[in-house]
Amino acid sequence: TIIIPNLTEAAFLTGKPYEDKHEDQGYILDLARELYRQLGVKNIIITGVSNQEGSYGAACYQGEKDQIYYSQKPKIKGHYYGTGDIFASVLTASVENNKTIEEALEIATEFTHRTIQQSFEQKLPQKYGVCFEQNIPWLIKQLDL
């Protein structure tokens, strides 16, 4: 019922050429619609995209409603490895704990942003990923555990 590709993976899955258009809402919507058409997946969440300058996050396309919405946070300088895996894990945990897809998207975006922000502030080497452990108590609270 859910797939979570980044922009590159979404292009690959559709068979369309990848274009570096992380802020092009039309391109993102076209990829999401094509994924829905080809796979029939209820919720398509494309990560690493933006609907406003200076922000980054994810877009969720609900194929049955033909609606797309974004969850965005301020962009932090750098490239942090492992954030896609963290985002997907938190989104999955949220859905499994009875959050709506909209709530899950917001929780996953916020958690991922918090981990990047802390890693940036602590000047941790980007190649080692992000400091997510400190944010687990926040996540537990959001999931009502």
Side-chain angles (χ1 to χ4, degrees), residues 1-121 124-136 138-139 141-144:
T1 59
I2 301 171
I3 59 170
I4 312 171
N6 63 32
L7 194 63
T8 305
E9 293 162 342
F12 178 76
L13 287 168
T14 62
K16 294 181 177 242
Y18 167 77
E19 297 181 41
D20 190 10
K21 295 183 174 184
H22 296 267
E23 295 179 0
D24 185 332
Q25 293 174 46
Y27 177 66
I28 295 162
L29 181 57
D30 287 345
L31 285 176
R33 282 180 172 153
E34 184 62 20
L35 284 169
Y36 178 69
R37 187 188 71 72
Q38 289 183 21
L39 304 176
V41 177
K42 184 177 177 182
N43 298 293
I44 297 156
I45 299 172
I46 301 176
T47 63
V49 298
S50 177
N51 68 344
Q52 55 188 332
E53 189 173 330
S55 293
Y56 224 53
C60 179
Y61 177 73
Q62 292 182 307
E64 294 170 349
K65 298 178 182 178
D66 192 31
Q67 292 180 337
I68 192 166
Y69 52 94
Y70 288 78
S71 179
Q72 303 288 282
K73 295 293 176 189
K75 188 172 183 175
I76 299 168
K77 185 179 178 181
H79 177 82
Y80 294 84
Y81 297 96
T83 54
D85 294 334
I86 288 172
F87 179 90
S89 297
V90 171
L91 187 120
T92 302
S94 299
V95 170
E96 288 296 314
N97 281 281
N98 301 313
K99 298 299 181 186
T100 66
I101 194 68
E102 295 90 350
E103 292 170 329
L105 184 69
E106 291 299 323
I107 291 168
T109 302
E110 177 66 26
F111 184 85
T112 305
H113 178 75
R114 285 169 171 260
T115 65
I116 295 169
Q117 183 69 42
Q118 284 184 344
S119 299
F120 177 79
E121 289 171 357
L124 299 176
Q126 295 174 12
K127 66 181 180 179
Y128 295 129
V130 291
C131 184
F132 69 89
E133 296 87 353
Q134 295 173 358
N135 290 288
I136 290 174
W138 177 88
L139 179 59
K141 185 176 179 182
Q142 301 308 303
L143 300 180
D144 304 319

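The basis for the numbers below is simple: all heavy atoms, side chains too, and nothing from hydrogens, waters or symmetry mates. Each residue takes its place number in the sequence, starting with 1.
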Legend entry - OG1 on T112 to CD on Q117, rounded to 0.5 Å: 13.0 Å
Legend entry - Test log, rule side-chain contact (heavy atoms from CB on, under 4.5 Å), inputs K42 and I2: CA-CA 6 Å; K42 184 177 177 182; I2 301 171; over 6 Å; no
Legend entry - More than 12 heavy atoms of other groups within 6.0 Å of Y18 OH: yes
Inset, instruction - Would you mind checking if R33 and D66 are paired as a salt bridge, meaning a charged N to carboxylate O distance below 4.0 Å? - result: yes
Inset, instruction - Tell me, with the steps shown, if K16 and D30 meet salt bridge (charged side-chain N to carboxylate O under 4.0 Å, His left out). - result: CA-CA 10 Å; K16 294 181 177 242; D30 287 345; 5.9 Å; no
Inset, instruction - Mark yes when over 12 heavy atoms from residues, nucleotides or ligands other than E133 sit less than 6.0 Å from its CD; otherwise mark no. - result: yes
Inset, instruction - Kindly compute the distance separating CD (E102) from CD1 (I107), expressed to the nearest 0.5 Å. - result: 11.5 Å
Inset, instruction - Please step through ring pair (Phe, Tyr, Trp, His ring centres under 6.0 Å) for the pair H113 and F111, ending with a clear verdict. - result: CA-CA 5 Å; H113 178 75; F111 184 85; over 10 Å; no
Legend entry - Pairwise side-chain contact, Y36 with Q62, heavy-atom cut-off 4.5 Å (strictly under): no
Inset, instruction - Answer whether the closest heavy-atom distance between the side chains of L13 and P5 falls below 4.5 Å. - result: yes
Inset, instruction - Indicate yes or no: at least one non-hydrogen side-chain atom of I86 is less than 4.5 angstrom from one of V130. - result: yes
Inset, instruction - Would you give the length of the straight line joining atom CG of D144 to atom CG of N97, rounded to the nearest 0.5 angstrom? - result: 8.0 Å
Inset, instruction - For A11 and L31, work out which heavy atoms get closest and say how close. - result: CA-CD2, 3.9 Å
Legend entry - Minimum heavy-atom distance between C131 and S119, given as atom pair plus value: N-OG, 2.7 Å
Legend entry - Whether T109 side chain and E106 backbone form a donor-acceptor pair below 3.5 Å: no
Legend entry - Chi angles and distances behind the side-chain hydrogen bond (donor to acceptor under 3.5 Å, both in side chains) call for N135, Q118: CA-CA 9 Å; N135 290 288; Q118 284 184 344; 3.0 Å; yes
Inset, instruction - Enter the distance from W138:CH2 to R114:CZ here, rounded to the nearest 0.5 Å. - result: 5.5 Å
Inset, instruction - Please check if any side-chain donor atom of H22 sits under 3.5 Å from a side-chain acceptor atom of D24, or the reverse. - result: no
Legend entry - Any donor-acceptor N/O pair, K99 side chain to Q142 backbone, under 3.5 Å: yes
Inset, instruction - Look up atom OH in Y56 and atom CD1 in I76, then write down how far apart they are to the nearest 0.5 Å. - result: 12.5 Å
Legend entry - Main-chain N/O of Y80 paired to Q126 side chain as donor or acceptor, under 3.5 Å: no
Inset, instruction - State, yes or no, whether a side-chain contact exists between H79 and K127 at a heavy-atom distance under 4.5 Å. - result: no
Legend entry - Y61 and I46: CA distance, side-chain angles, deciding distance, side-chain contact (heavy atoms from CB on, under 4.5 Å) verdict: CA-CA 8 Å; Y61 177 73; I46 301 176; over 6 Å; no
Legend entry - Where I101 and C60 come nearest, the two heavy atoms and their spacing: CG1-SG, 3.9 Å
Legend entry - Minimum heavy-atom distance Y27-K21, with the two atoms named: CD2-CB, 3.6 Å
Inset, instruction - Output the distance between atom CD1 (I3) and atom CG (L39), rounded to the nearest 0.5 Å. - result: 5.5 Å
Legend entry - L143/S94 under side-chain contact (heavy atoms from CB on, under 4.5 Å): CA gap, chis, key distance, verdict: CA-CA 6 Å; L143 300 180; S94 299; 3.4 Å; yes
Legend entry - Flag for S50-Q72: side-chain donor and acceptor within less than 3.5 Å: yes
Inset, instruction - Let me see the working for E103 and T100 under side-chain contact (heavy atoms from CB on, under 4.5 Å), right down to the final yes or no. - result: CA-CA 5 Å; E103 292 170 329; T100 66; 3.2 Å; yes
Legend entry - Over 12 foreign heavy atoms within 6.0 Å of OH, Y69: yes
Legend entry - Atom of V95, atom of A104 and distance for their closest heavy-atom approach: CG2-CB, 3.7 Å
Inset, instruction - Grab the two heavy atoms, one from A59 and one from I68, that are nearest each other, plus how far apart they are. - result: CB-CD1, 3.9 Å
Legend entry - Pairwise side-chain contact, V49 with E23, heavy-atom cut-off 4.5 Å (strictly under): no
